[in-house]
Structure formats: C-alpha cells, structure tokens
Amino acid sequence: MSAPFLEKISSNKSFEGELTKYKFKSAALGGLSANFNLFVPTNASNSNKVPVLVYLAGLTCTEDNGAQKGSFLGPASSQGIAILFPDTSPRGAGIEGEDADWDFGTGAGFYLNATNPKFSAHYNMYTHVALELPQVIEAAGIPIDWKRQSIFGHSMGGHGALTMYLSSPHKQYRSASAFSPVANSTKCPWGEKAFTGYLQGGVEEAKEKYDATELISKSKEPVHILVDFGTADNFYKQGQLLPENFLKAARDAGHDEFQVRVRSQEGYDHSYYFISTFASDHVHFHANFLKA
C-alpha cells in the first residue's frame, strides 16, 4: 500500500533550519486529515540523516504550541536534532460528546489507542505518533534517522512521553523527559475521565499501558528519564500530576538518580514560560543519548 501524500501547508526558516507544517490523510485516525510540524536542522541531508525528538503537547493544544512557544528550535539546531510536533487528538471525527469538555475529546487524545467502540475508529494517537508518523515522514524522503528517536512532552503530553517510552516493546525511544507530566494518570481526575471514556476496561485497562507510575514500578531495564515540575503549578496543587508517586515507584524499582531525575522548580507554573525556561536542559539531556 502506498504511503499517504504529505501536503506542505507552510514553511519557516528558523535557527538556520526549517520548520514545516504538513497535513495528510491519517489511516490511524480513521481517515481524518492530520497536521504536524517538523523542524529539520540545516545539517540534515540524504547522506547525513539526523536524530529526532518527538514533542507531545498538552490538553487543548495543537501541533503549533510546542513549535511556537517551547523555545526548542535553537537548542535542537545547535545539536543537529530534528523535532516532530504531532497534534494532540483527531480533529473532526463528529463523535457525539467529543467537544463537550476541554479535558476530553478534541484536543485531549491522551496518546492512547481507544478500545471503546464509540472512539476506537479515530482516537488512536498512540499508533499515530509511534508508528504512522515515522512511516509517513520516512516515505516522503525526509532525512531523519528513525533508529535514533527520543520523546518528551508537557502535561498530558508528558504522560504520553513517559508511557510511550516505558511501554514500547522494542525500545523505540532512547530517552524520555517531561514538563509537569500527568505522572500517575489512573489516580487523578484527568486520567480517570479519559480512561473511563476511551477504554472499554476503564482505569483497570489503563494501568497496563497508560500510567507512567504503574509502568516504572514494573520496569527492570535501565532507563533515561528527566522530569521537571513547578511548585506554583495549580494542577500540581490540585493533584493532577503526582510526580512524587512516580519518583517513589522509580526508586522502589531500583532506578537511581542517574536513571530517573525528578526536579521540583521553585515558583514555576504550568505555562510555556516554565517550559521555555528549561527547554535547553531537556534538548541537551536527549542529545546525550541521540548522538551517542
């Protein structure tokens, strides 16, 4: 079967590289049109394929938030690393109730594959990010080395990055990092709502694949994880993020501070001001593994 056609929507030069927005018809998302942004540094060529960082954005975001506000492009360019910015959910599925709330449905795909028949034709962001986008981009001849991938994200996207890293059966990603992630998703309101809606087995089904704390507690292989959260983050204070649960599970499973670092950043909130402050730290963290 031939790969879907990638339509170029826009392109901007940035830090000597190129940020391009594409769209294509996504089989994983049930034939809906899907957008993504891709930053490719200037050193990329057919004879020099570059490693790639996948950035997963949070609730209500699109493929644009991280690209425009994350401050990732400069550090990525200096390290010769591409960055892929997928969308956060399918768009325009027309499912009853998918636009009723800001924290479920459109803009809130939670980076899972839905098993509830109401959502399962379209809400397959796990497959879209992990399998479909690499295949589509590779087929288009864009010079990225998919054997050198790492993943990071913010909030719901931090949940996505940690869970996709830890649940990947064939070590797809070399490292993972997260800004204020939903780190124990089956124990917080956002996760409970998402899993009850998207998964036939609800929260119990989610524990197997979609809760970073549950996954790290069972992980015996060496890992490379960095997490930052702000002490002034209202969602942290409300119990949506639960990074301490993740850290305790990691330590109990034998992962030391070289394998799992969880840093509290005094006075920072949940916004892209926080993310952009520590963006360079995260890109350089991944560069250690992507360029090894």
Side-chain angles (χ1 to χ4, degrees), residues 3-12 19-40 52-70 72-73 76 82-95 98-114 119-140 142 144 146 149-165 172-173 178-179 181-182 190 194 197-198 210 272 275:
F5 171 70
L6 271 189
E7 180 184 343
K8 188 184 286 192
I9 298 173
S10 63
S11 184
N12 297 91
L19 179 70
T20 307
K21 184 193 284 285
Y22 296 96
K23 78 173 179 180
F24 72 102
K25 192 165 287 231
S26 166
L29 305 184
L32 298 174
S33 180
N35 291 356
F36 65 91
N37 282 302
L38 181 64
F39 174 76
V40 178
V52 63
L53 249 177
V54 181
Y55 177 78
L56 305 181
L59 288 165
T60 74
C61 291
T62 69
E63 71 281 358
D64 290 332
N65 295 74
Q68 295 175 357
K69 299 195 288 188
F72 303 125
L73 304 189
I83 307 188
L84 170 62
F85 300 92
D87 202 349
T88 54
S89 78
R91 303 275 167 180
I95 301 166
E98 74 172 337
D99 293 321
D101 292 315
W102 68 276
D103 57 356
F104 183 83
T106 304
F110 268 83
Y111 304 104
L112 50 72
N113 287 340
F119 295 99
S120 60
H122 300 292
Y123 278 76
N124 299 300
M125 291 301 293
Y126 190 106
T127 294
H128 176 66
V129 171
L131 298 176
E132 185 175 49
L133 284 173
Q135 289 170 358
V136 167
I137 294 167
E138 185 166 48
I142 298 168
I144 287 172
W146 293 101
Q149 286 187 73
S150 289
I151 191 164
F152 67 150
H154 170 233
S155 195
M156 174 187 74
H159 143 81
L162 294 175
T163 56
M164 292 175 81
Y165 173 69
Q172 178 168 346
Y173 306 103
F179 304 91
V182 180
W190 280 342
Y198 293 131
Y210 302 123
Y272 271 87
I275 296 170

Between Thr88 and Ala57, is there a donor-acceptor pair closer than 3.5 Å when you use the side chain of the first and the backbone of the second? no
Contact between Lys21 and Asp64 at the side-chain level, heavy atoms closer than 4.5 Å - yes or no? yes
Should Lys69 and Ile275 count as side-chain neighbours, where that means a heavy-atom distance under 4.5 Å? no
Hey, are the side chains of Thr62 and Asn35 touching, using non-hydrogen atoms and a 4.5 Å cut-off? no
Can you check whether Tyr173 reaches Met164 side chain to side chain, under 4.5 Å on heavy atoms? yes
Checking the side chain of Glu132 only, and the main-chain atoms of Ser26 only, is there a donor and an acceptor separated by less than 3.5 Å? no
Asn37 side-chain N/O to Glu63 backbone N/O, donor-acceptor pair under 3.5 Å: yes
Distance-minimising heavy-atom pair for Ala76 and Ile83: CB-CD1, 3.6 Å
Taking every non-hydrogen atom, the tightest pair across Leu29 and His122: O-ND1, 3.0 Å
Non-hydrogen side-chain atoms of Thr106 and Arg91 separated by less than 4.5 Å: yes
Treating His159 as the side-chain partner and Phe110 as the backbone partner, does any N or O pair qualify as donor plus acceptor under 3.5 Å? yes
Spatial distance of atom OG (Ser120) from atom CD1 (Ile95) [nearest 0.5 Å]: 8.5 Å
Phe179 vs Phe152 aromatic rings, parallel, tilted or perpendicular, using cut-offs 30° and 60°? tilted
Taking every non-hydrogen atom, the tightest pair across Pro134 and Leu131: CD-O, 3.4 Å
I want to check something: taking the side chain as every heavy atom from C-beta on, are Val54 and Tyr165 in contact at a cut-off of under 4.5 Å? no
From the options Tyr123, Tyr210, Tyr111, select the one residue that forms a ring-ring contact (aromatic ring centres under 6.0 Å, His included) with Tyr198. Tyr123
Taking the side chain as everything from C-beta on, heavy atoms only, tell me whether Ile137 gets closer than 4.5 Å to Trp146. yes
Please check: side-chain N/O of Asn124 versus main-chain N/O of Ala28, any donor-acceptor pairing under 3.5 Å? yes
Is there a donor-acceptor pair under 3.5 Å between the side chain of Asp103 and the backbone N or O of Leu59? no
If you compare all heavy atoms of Ser155 against all heavy atoms of Gly58, which two are closest, and at what distance to 0.1 Å? CB-CA, 4.4 Å
Contacts of type salt bridge (charged side-chain N to carboxylate O under 4.0 Å, His left out), residue Lys23, not counting sequence neighbours: none
Got Tyr55 and Asn65 here, is their nearest side-chain heavy-atom distance under 4.5 Å? no
Answer with yes or no after comparing the ring centroid distance for Phe39 and Phe72 against a 6.0 Å cut-off, counting only values under it. no
If you measure from CD1 on Ile151 to CD on Gln172, what distance do you get to the nearest 0.5 Å? 7.5 Å
Show the nearest heavy-atom pair for residues Thr127 and Asn113, with the distance to one decimal. OG1-ND2, 2.9 Å
Here the gap from Phe119 atom CZ to Glu98 atom CD, rounded to the nearest 0.5 Å, amounts to 7.0 Å
Between Ser89 and Gly107 the two heavy atoms that sit nearest each other are OG-N, 2.7 Å
Rounded to the nearest 0.5 Å, what's the gap from CE on Met125 to CG on Leu133? Could you check? 7.5 Å
